[in-house]
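These notes are about the structure you will find just below.
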Amino acid sequence: MSIVKGEPIRVDVVSDVVCPWCVIGYHQLAKAARETGIGLDVHWHPFELNPHMAESGENLRGHLAAKYGTTLEGSIKARARLTAMGAALGFTFSYADDMRMVNTFRAHQLIDWAEDHGRAHEMKLALFAAFFTRRENLNDPAVLAAAAERIGLDRDAALDALESGERVDSVRRKEQFWTSRGVTGVPAMIFQRQHLVTGAQGEDNYARILHHLADAQAA
C-alpha cells in the first residue's frame, strides 16, 4: 500500500479468511487510509474460527445456526447487510444457500508461505475473494494453489508447500502467540504494536485512530 504522507502506521491484523467482518473491517480501514492520506503497513496473522471443522466442511447457514443460534430470518438479514456494506467498499459477497464453511488451516499455511515471497497481503485479499465472491473451497490444495498462481506466485511451489506440511508448525506458533495474548475473536487489529482495536469499526473511527497515531508519531 502506497505511503502518501509521513511514516506508515503499522497494523497487525489477526483474522480468518472466512470471517466476513474481517473483510469489512480491513476495507473500512483501507478506505480511511486512502481518504486521510495516511499510509498503512499491514501484517496479517492467522486465527481459526473453527479449528476443529471437518475436512468436508459444513453448510454455512446450518453451521451458523448450530454455533450461534442464527435463525433463517437472521441469516437472510445478515447476508443482505454484509452484501450491501461490501458493495459500498468495493467488495462482492456472493452468498448462496449451498455455501459451505470450511477448515482454514491450509489457507493460513498458504499465506504463511506467500509471506516469504513478500506477497502475504495480496494472498490474504485473494483468499477473501476466493471464498466470499467465488465460493471456492479453501480447504482444497488445488484451489489454494490456483489462488497463489492468480497473484503471480508459482502454482506448483505453492502446492508442494501445502502438501509437505512445511508451514504447519509456523502457523500453529503464530496462532498460539495471539490467543495467548487474549485474542479470542476477529478481526483484531493492533496499531503500532500497542493499541488493540476489535471488530469492524467503520471508516470514521478508523480515520480518527489513524489521525491520532500519525499526529503522535510526528510529535
Side-chain angles (χ1 to χ4, degrees), residues 1-51 82 85-86 89-91 104-129 131-132 138 151 167-219:
M1 187 169 294
S2 61
I3 302 169
V4 180
K5 63 182 181 183
E7 291 297 315
I9 300 298
R10 179 178 174 119
V11 189
D12 290 277
V13 187
V14 185
S15 77
D16 201 351
V17 291
V18 294
C19 164
W21 290 107
C22 296
V23 176
I24 295 295
Y26 167 71
H27 284 286
Q28 289 174 341
L29 174 65
K31 184 177 180 181
R34 290 193 300 271
E35 293 181 348
T36 60
I38 298 170
L40 298 177
D41 177 22
V42 178
H43 299 261
W44 295 95
H45 303 282
F47 185 96
E48 290 179 76
L49 287 168
N50 304 289
L82 286 164
M85 292 179 74
L89 293 164
F91 185 88
T104 59
F105 188 53
R106 286 195 182 101
H108 289 300
Q109 291 176 60
L110 182 67
I111 297 166
D112 198 67
W113 173 80
E115 186 173 12
D116 281 0
H117 302 274
R119 305 298 296 279
H121 181 67
E122 293 89 345
M123 194 74 261
K124 182 76 173 193
L125 298 187
L127 293 182
F128 278 150
F131 183 72
F132 287 108
L138 299 190
I151 66 165
R167 297 288 163 161
V168 167
D169 290 343
S170 175
V171 172
R172 288 290 186 224
R173 285 195 301 271
K174 291 176 180 180
E175 288 178 333
Q176 291 166 4
F177 175 87
W178 292 106
T179 56
S180 70
R181 280 154 179 77
V183 174
T184 58
V186 289
M189 299 184 184
I190 300 88
F191 290 82
Q192 299 289 68
R193 302 181 188 269
Q194 299 179 60
H195 311 286
L196 172 64
V197 177
T198 59
Q201 293 295 316
E203 298 98 305
D204 291 344
N205 284 331
Y206 285 130
R208 282 192 287 270
I209 291 169
L210 293 176
H211 275 304
H212 174 75
L213 294 173
D215 289 345
Q217 190 166 249

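As the structure is a computational prediction, the values presented were derived from the model and not from experiment.
Legend: residues meeting side chain to side chain contact (heavy atoms under 4.5 Å, CB included) with Ala32, ordered by chain and number and at least two apart, are Tyr206, Ala207, Leu210. For the salt bridge (Lys or Arg N to Asp or Glu O under 4.0 Å) test, no residue two or more places apart in sequence or in another chain qualifies with Arg181. For Phe47, there are no ring-ring contact (aromatic ring centres under 6.0 Å, His included) partners, not counting sequence neighbours. Evaluation of the salt bridge (Lys or Arg N to Asp or Glu O under 4.0 Å) rule for Asp116 yields Arg167 as partners, not counting sequence neighbours. Under the side chain to side chain donor-acceptor pair (under 3.5 Å) criterion, Gln217 pairs with Gln192, not counting sequence neighbours. Under the side chain to side chain donor-acceptor pair (under 3.5 Å) criterion, Gln201 pairs with no residue, sequence neighbours left out. Remark: Phe105 engages no residue in a ring-ring contact (aromatic ring centres under 6.0 Å, His included) (not counting sequence neighbours). Remark: Ser170 pairs with Asp112 by the side chain to side chain donor-acceptor pair (under 3.5 Å) rule, at least two apart or across chains. For Ile151, the side chain to side chain contact (heavy atoms under 4.5 Å, CB included) partners two or more places apart in sequence, or in a different chain, are Arg119, Glu122, Met123, Ala126, Leu153.
With contacts defined as side-chain heavy-atom distances shorter than 4.5 Å, the pair Met85/Gln28 qualifies. Residues Glu175 and Arg172 have side chains in contact (heavy-atom distance under 4.5 Å, counting atoms from C-beta outward). A heavy-atom distance below 4.5 Å is found between the side chains of Ile190 and Trp178.
One finds the CD atom of Gln109 at 7.5 Å from the CZ atom of Arg106 (value rounded to the nearest 0.5 Å). Taking CG of Leu125 as the reference point, atom CH2 of Trp44 lies at 6.0 Å (rounded to 0.5 Å). Put simply, CG on Leu29 and CG on Leu40 are 5.0 Å apart, with the number rounded to the nearest 0.5 Å. Here the CZ-CD1 distance, from Phe191 to Ile209, works out to 4.5 Å after rounding to the nearest 0.5 Å. Atom CG in Leu89 sits 11.0 Å away from atom OH in Tyr26 (nearest 0.5 Å).
Scanning all heavy atoms of the two residues, the minimum distance from Ala200 to Ile24 falls at CB-CG2, 4.1 Å.
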Pairs under 3.5 angstrom only: tabulate donor-acceptor contacts from the side chains of residues 8-22 to other protein residues two or more places apart or in another chain.
from  : atom 1 : to     : atom 2 : distance (Å)
Arg10 : NE     : Asp12  : OD1    : 3.4
Arg10 : NE     : Asp12  : OD2    : 2.8
Arg10 : NH1    : His43  : NE2    : 3.3
Arg10 : NH2    : Asp12  : OD1    : 2.9
Asp12 : OD1    : His45  : NE2    : 2.7
Ser15 : OG     : Lys124 : NZ     : 2.7
Asp16 : OD1    : Thr104 : OG1    : 2.9
Asp16 : OD1    : His108 : NE2    : 3.0
Asp16 : OD2    : Leu49  : N      : 2.8
Asp16 : OD2    : Thr104 : OG1    : 3.3

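Note on residues 204-216: no pairs pass salt bridge (charged side-chain N to carboxylate O under 4.0 Å, His left out), not counting sequence neighbours.
Residue-environment remark: NE2 (His212) stays at or below the threshold of 12 foreign heavy atoms within 6.0 Å.
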